[in-house]
Amino acid sequence: MNTTRQRLAKAGIIVGVVAGLCTPHALADSASVVSAPTSGGSASGAGKPDGSVPPQGSDDWSCHPAAAHREPVVLVHGTWGNQNDWDILAPQLKLQGYCVFSLDYGRDTSSVMGARPGVYATGDISDSAHELETFVERVRTATGAAKVDIVAHSQGALVGRQYLRFDGGAPHVEKFVSIAGTNHGTTMNGLATLLDNGSATGSAEGIAARVVGLGAVQQLAGSAFVQGLNAGGDTEPGIDYTVIASRADKVSTPPEATFLTAGPDAHVDNLWVQDLCPADAFDHGTLPQSPTVGFMVQKALDPGYSGVSCPEQAPPAVTR
């Protein structure tokens with residue numbers, strides 16, 4: 001096999017690997033990503049939310065935090081997703097009295113996937129962190145809050161941690177909740193060894209990035225981005241971290257690689273979903289919709305929260 005064919009074959013494998021980092025909305029139509037990119041419609045077919053309308057309960061710019069929940073909650077979605085990935089959790093948090101905000105970030109149409117309507121988080125993660133910085137400042141200004149809490153899924157955790165470390169975010173964040181964050185990259189069951197010299201800019205990786213987006217390739221274990229982010233340790237002083245992992249996660253692998261090690265003046269709780277609900281089988285992309293994850297997020301934000309940790313324990317729904 002000549003060098004060009006080897007690079008193309010390698011790039012094809014990487015595309016398949018990083019495609020696992022996307023959300024289920026985008027995955028529903030991913031089979032045609034390379035061969036038949038679309039030029040219209042929604043992110044993953046008719047009727048799928050495209051992120052243009054915030055989740056119910058989110059982005060009420062007149063909201064002022066109550067004494068019980070002084071920090072507004074900022075929701076940060078994952079790869080190929082948009083703010084509608086929080087359509088379940090956002091109204092739940094609002095119902096508990098939080099000011100809730102969500103954003104779309106990382107829109108980069110230079111890749112095949114990034115050009116699809118409603119698909120975000122494909123651009124350079126460093127650029128996405130700048131977007132988050134701007135959004136958090138807008139939230140703080142509108143609400144009058146000194147700090148926010150961040151709840152992030154998958155790539156969103158890297159975006160959030162980049163913001164904390166390199167964009168001046170640490171003094172403005174009280175709590176940080178990571179849901180299956182690719183905090184130390186993903187091996188994708190060993191396939192991340194395809195990276196050249198820890199870089200996401202090699203020929204094969206460059207080809208893959210033009211299909212799935214640089215933000216997806218940057219999440220592979222050993223990438224220059226992951227190494228740079230974690231070079232100074234996992235945490236920032238003064239922040240309370242909760243890190244949620246699932247044994248059903250086949251994308252961010254090994255799933256325990258999401259866990260963080262507390263540095264000076266930081267607190268970390270590393271938690272398994274299945275320790276609370278052994279039957280929880282929500283996969284990587286759908287974890288924000290898991291009732292158990294919803295419970296864990298609310299408990300992380302407010303230790304006094306009382307709710308049902310496992311749907312098996314939930315009372316029957318009342319029909320009205």
Side-chain angles (χ1 to χ4, degrees), residues 11-45 48-52 75-86 102-135 152-163 180-183 185-186 188 192 194-195 199-202 204-221 223-226 229 251-252 284-285 288:
I13 296 172
I14 296 174
V15 167
V17 170
V18 297
L21 292 167
C22 71
T23 65
H25 288 169
L27 270 174
D29 204 28
S30 62
S32 61
V33 167
V34 178
S35 60
T38 62
S39 58
S42 64
S44 58
K48 299 296 184 181
D50 63 3
S52 59
L75 304 174
V76 189
H77 63 76
T79 311
W80 292 6
N82 60 54
Q83 63 182 324
N84 293 122
D85 293 343
W86 304 108
S102 56
L103 76 158
D104 296 322
Y105 70 86
R107 179 70 174 167
D108 181 356
T109 59
S110 65
S111 68
V112 173
M113 277 307 302
R116 299 170 77 87
V119 173
Y120 293 82
T122 60
D124 189 312
I125 295 175
S126 297
D127 293 339
S128 295
H130 292 317
E131 293 183 56
L132 178 60
E133 174 191 11
T134 300
F135 189 79
H153 173 232
S154 192
Q155 182 192 145
L158 293 183
V159 173
R161 291 179 57 226
Q162 175 80 8
Y163 159 65
T182 47
N183 288 314
T186 173
M188 286 304 298
L194 291 167
L195 280 175
S199 170
T201 59
E205 289 74 29
I207 294 171
R210 289 195 291 272
V211 177
V212 296
L214 178 59
V217 176
Q218 285 175 318
Q219 293 171 80
L220 293 178
S223 74
F225 178 83
V226 169
L229 176 61
V251 171
S252 183
H284 178 85

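FYI, the numbering just counts along the sequence from 1.
- Counting only distance, with no hydrogens or angles, the side chain of D108 and the backbone of T122 share no donor-acceptor pair below 3.5 Å.
- Using a 4.5 Å cut-off on side-chain heavy atoms (C-beta onward), Y120 and S128 make no contact.
- The line from CG of L214 to OG of S110 is 8.0 Å long, rounded to the nearest 0.5 Å.
- Under a 3.5 Å cut-off, the side chain of S111 and the backbone N or O of R210 do not form any donor-acceptor pair.
- Here the closest non-hydrogen pair linking R107 and E131 is N-OE2, 4.5 Å.
- Taking the side chain as every heavy atom from C-beta outward, Q155 and I125 approach each other to under 4.5 Å.
- Looking at every heavy atom in both residues, G78 comes nearest to S154 through CA-CB, 4.2 Å.
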Task: Intermediate values then yes/no, side-chain contact (heavy atoms from CB on, under 4.5 Å), V76 and L132 - done: CA-CA 8 Å; V76 189; L132 178 60; 4.0 Å; yes

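- For T134, the side-chain hydrogen bond (donor to acceptor under 3.5 Å, both in side chains) criterion is met by no residue, not counting sequence neighbours.
- Here the closest heavy-atom approach between residue T182 and residue L158 is recorded as O-CD2, 3.1 Å.
- Of all heavy-atom pairs between G123 and Q218, the closest is O-OE1, 4.2 Å.
- Between Q162 and V159 there is no side-chain heavy-atom pair separated by less than 4.5 Å.
- With no hydrogens or angles considered, a side-chain donor-acceptor pair links Q219 and T79 at under 3.5 Å.
- Without hydrogens or angle criteria, N82 side chain to D104 main chain gives no donor-acceptor distance under 3.5 Å.
- With hydrogens and angles ignored, the 3.5 Å screen pairs no side-chain donor or acceptor of R161 with any backbone N or O of L229.
- In plain terms, the two heavy atoms of S252 and G181 that are nearest each other are OG-O, 3.8 Å.
- Between Q83 and L103 there is no side-chain heavy-atom pair separated by less than 4.5 Å.
- Listed here is the closest heavy atom pair of V119 and W80: CG1-CA, 3.8 Å.
- Every residue two or more places apart in sequence or in another chain that forms a ring pair (Phe, Tyr, Trp, His ring centres under 6.0 Å) with Y105 is listed here: H77.
- A 4.5 Å side-chain heavy-atom check between H153 and W86 finds at least one atom pair inside the cut-off.
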